[in-house]
Amino acid sequence: MRISTKYWTLLFLAALIAVTPFFFPSGYYFRVGSLLFVNGLAVTGIVILTGYAGQISLGHAGFAGIGGYACALAPVHWGVPPALAVVLGAAVSGVLAYLVGRPILRLKGYYLGVASLGFGILVAMVLNNERALTRGPDGIEVPDLGLRGLLKDWGLNLTNGEFWYVVTGICLLIGAWIALNLHSSPTGRALRALHGSEVAAGTVGIDVARVKLQAFVISAIYASVAGSLLALQNKFITPDVAGFLHSVEMVTMAVLGGVSSVPGAILGAGVLTLLPQVLTVFAEYEQLILGLVMMLVMIFLPEGLVPSILRRLRGRDE
Amino acid sequence: MKKTLTTTVPAALVALGLATAAQAEIRIGASVSSTGPAAFLGDPEAKTLEMMVEDLNAKGGINGEQVELVLYDDGGDANKARTFATRLIEDDEVQAIVGGSTTGTTMAILSVAEDAEIPFVSLAGAIDIIQPVKTFTFKTPHTDRMACQKIFTDMQARGFTKVGLISGTDGFGASMQAQCKDVVGDYGIEIVADETYDPKDADMTAQLTKIKNADGVQAVLNPGFGQGPAIVTRNYRQLGIELPLYQSHGVASDSFIELAGKDAAEGVRLPGTALLVAGLLPESDPQKPVVTEYKAAYEAKYNQPVSTFGGYAHDGLALVVDAITRAGSAEPAAIRDALEATSGLVGTTGIYTMSPEDHLGLDLSAFRMLEVKDGGWTIVE
């Protein structure tokens with residue numbers, strides 16, 4: 001009787017999240033950890049879309065922007081509690097993804113990449129220019145989630161960094177769990193089938209357009225929740241979160257770690273979140289080093305870090 | 001580059017835990033936007049801070065204590081700025097922070113600094129930073145509202161009552177546009193045309209033509225930042241508009257004249273700081289020694305002209321150093337109290353006198369109305 005890879009992965013991830021804080025020399029590491037988890041969550045969504053279904057989106061930051069600004073605007077304008085604003089943002093992102101994806105995903109090829117690119121830029125433009133609502137490029141304050149105060153009343157006194165480390169860590173675990181479950185579900189199988197060959201998938205009775213649309217909507221919701229978590233922990237958000245560079249960053253993280261594997265993508269998010277922090281003293285060369293790492297991975301480990309390394313290890317075992 | 005290498009290698013070793021630096025008693029943190037879209041702000045700021053701390057330590061530090069500057073580049077990204085602010089406070093354990101080149105990064109640092117009760121001197125313009133007053137947050141640049149007031153005072157003196165406005169849609173332009181429209185009524189001036197352009201636009205003739213044809217327009221004001229105002233100025237001359245043109249303090253640097261071209265920039269007025277006209281100040285001017293010294297030191301070290309933005313960083317650090325000296329202590333709370341009690345500190349931007357109600361401490365007199373003449377700046381009084 002063996003435990004499936006899925007539970008090993010989740011168990012390992014949970015242990016890692018729970019144990020590393022004991023080695024943190026200062027509160028700053030909780031902040032980096034929670035940033036890593038937020039990025040990891042967004043990138044897990046990319047795994048579902050790109051890794052499972054083989055579709056590329058260059059506008060996922062747009063959904064992160066919607067999630068983030070939902071937390072900034074809904075509580076102030078409509079009195080929605082911040083926690084519910086996360087759900088609202090996710091719902092809006094999901095519906096928008098459905099509307100954008102529905103016509104586009106009927107087409108073959110890279111139309112989704114181009115359409116999502118346009119979508120992301122549009123969201124960023126709206127956030128930048130609708131000054132009356134979003135306060136423009138200078139950004140806007142986000143109300144406090146309120147949960148930390150509640151925990152304090154119950155006698156659990158966490159610092160801001162610790163609190164967000166726990167919240168984002170739990171969210172990442174849930175996100176990874178859903179994504180791993182999806183992998184072996186009928187929908188996941190359908191997604192992977194169409195990744196292999198759309199024609200073959202169609203022939204065996206998979207509604208290709210519908211399944212692709214599902215993947216797009218799910219990954220949009222991941223990005224939106226990640227955006228919300230970022231906004232809530234920063235208590236401040238600027239339109240940069242919806243910028244094109246952020247979209248590219250998400251795809252880069254996924255590809256670096258291994259786009260077909262959830263732990264791989266999370267590792268990719270980890271590397272690209274930690275690298276700029278480690279490289280602060282080389283700030284001038286940061287882009288250069290990132291580019292070099294990316295190129296080396298693409299040349300020597302084209303599937304990304306985790307899948308390639310796992311394959312090597314397994315190969316050696318046999 | 002040579003300098004970068006010698007300072008980088010030991011710093012890298014520290015980061016990797018391979019060497020332990022002698023911990024200075026006074027640690028000042030900074031997160032500025034040395035790279036990215038706001039690099040023209042952050043780059044001179046970073047250079048100024050490095051230069052001043054080096055100089056300070058060579059002179060024996062503050063109250064006999066050496067000063068360590070912990071400097072990060074947030075690339076103009078508010079999210080990164082928040083992470084670096086957390087790092088400065090939690091990991092580097094700094095006693096004060098100077099930085100936040102843009103309003104976005106400042107707002108991100110501000111909430112961390114207020115939470116941790118660490119004094120923070122911002123280098124960004126928006127009025128929201130200090131209004132309402134936040135306990136631990138101070139700032140050095142004038143607000144855009146003050147720039148509007150200075151410009152409208154000058155327009156009023158020249159008898160203009162109808163002006164056209166052409167603003168960039170970036171954070172700076174849009175914020176100043178809103179502030180100008182808010183105060184313009186106090187000066188009996190009416191805005192008869194209100195146009196905007198995207199900061200990346202390469203041509204503003206359409207908007208300027210519209211302003212030119214506005215009924216009774218007597219002068220034009222361009223709140224903006226970066227290359228936009230230079231293009232506006234060039235287009236303005238190409239269209240043969242004879243009305244006086246006012247630019248904002250956002251382009252108060254020699255590079256503006258270079259970008260717009262000497263001929264096109266001729267006659268442009270803008271509110272600037274004493275730093276830009278250091279050589280033209282009368283000997284009796286209290287700011288003269290400070291700006292001359294800073295300008296000489298900076299230009300000798302980096303072989304680049306000084307900019308107003310570097311001046312903001314100069315004043316930010318000077319405020320903190322002055323506060324620590326007076327407090328006789330580098331405890332964050334003591335620095336904060338001393339900062340608030342700053343009185344008559346002469347900086348490059350103006351003379352600072354803070355109070356519990358005013359965490360900027362400058363008035364309109366800190367601005368000089370400047371005019372471009374023969375490719376250089378002159379003071380209009």
Side-chain angles (χ1 to χ4, degrees), chain A residues 24-36 38-39 64 68 125 128-132 134-142 144 148 159-162 164-165 227 230-231 233-241 243 245-246 249 273-274 276-287, chain B residues 1 4 7-16 34-37 46 70-93 102-112 115-116 124-126 128 169-175 177-178 196 198-199:
Chain A
F24 286 173
S26 80
Y28 149 70
Y29 293 83
F30 285 99
R31 160 75 182 169
V32 178
S34 59
L35 275 184
L36 194 163
V38 167
N39 286 333
M125 273 173 72
N128 267 309
N129 295 336
E130 285 306 311
R131 191 164 298 274
T134 66
R135 303 251 303 276
D138 281 346
I140 185 168
E141 279 120 59
V142 178
D144 192 69
R148 187 157 76 99
T159 67
N160 200 37
E162 288 163 357
W164 281 106
Y165 183 89
L230 188 68
Q233 70 162 314
N234 284 357
K235 285 193 238 158
F236 186 77
I237 189 166
T238 63
D240 288 342
V241 72
L245 279 179
H246 189 206
E249 199 180 41
T273 309
L274 295 180
Q277 294 298 324
V278 179
L279 294 181
T280 46
V281 284
F282 299 118
E284 291 171 53
Y285 310 105
E286 186 190 315
Q287 298 300 326
Chain B
M1 279 301 101
T4 322
T7 53
T8 303
V9 172
L13 293 176
V14 174
L16 297 171
S34 313
T35 58
V70 189
L71 181 68
Y72 295 121
D73 169 18
D74 57 42
D77 177 348
N79 187 36
K80 271 193 190 164
R82 190 185 167 96
T83 306
F84 284 133
T86 312
R87 184 168 182 173
L88 286 170
I89 293 169
E90 305 258 0
D91 207 44
D92 301 315
E93 297 176 4
T102 67
T103 302
T105 54
T106 287
M107 297 311 270
I109 299 171
L110 186 154
S111 76
V112 183
D115 268 356
D128 306 359
T169 52
D170 51 304
F172 179 92
S175 166
Q177 178 195 24
T196 59
D198 187 273

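Naming convention: chains lettered A, B, ... in sequence-line order (proteins, then strands); numbering from 1 in each chain.
By number of non-hydrogen pairs under 4.5 angstrom with chain B, the leading residue of A:Leu230, A:Ile237, A:Asn128, A:Thr159 is A:Leu230. The candidate from B:Asn79, B:Asp77, B:Val112 with the greatest count of non-hydrogen atom pairs under 4.5 Å with chain A is B:Asn79. Taking B:Ala126, B:Gly75, B:Ser111, B:Gly104 one by one and counting their heavy-atom pairs under 4.5 Å with chain A, the maximum is reached by B:Gly104.
Taking each heavy atom of A:Ser26 and B:Glu90 in turn, the nearest pair found is CB-O, 3.4 Å.
In this structure, the side chains of B:Arg82 and A:Gln233 stay at 4.5 Å or more apart for every pair of heavy atoms. In this structure, A:Lys235 and B:Asp115 have side chains that are in contact, with non-hydrogen atoms separated by less than 4.5 Å.
Taking CZ of A:Arg135 as the reference point, atom OG1 of B:Thr103 lies at 10.5 Å (rounded to 0.5 Å). B:Thr86 contributes atom OG1, which lies 13.0 Å from atom OH of A:Tyr29 (distance to the nearest 0.5 angstrom).
When heavy atoms are compared at a cutoff of 4.5 Å, B:Asp198 does not approach chain A at all. Heavy-atom distances place the side chain of A:Phe236, and not its backbone, under 4.5 Å from chain B. At a 4.5 Å heavy-atom cutoff, the contact between A:Asp240 and chain B is made by side-chain atoms alone. Contacts of A:Ile140 with chain B are absent, with no heavy-atom separation under 4.5 Å from either backbone or side chain.
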TODO: Test side-chain contact (heavy atoms from CB on, under 4.5 Å) on A:Tyr28 and B:Ile89 and set out the steps.
DONE: CA-CA 8 Å; A:Tyr28 149 70; B:Ile89 293 169; over 6 Å; no

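One N or O on the side chain of B:Arg87 and one on the backbone of A:Gln277 form a donor-acceptor pair closer than 3.5 Å.
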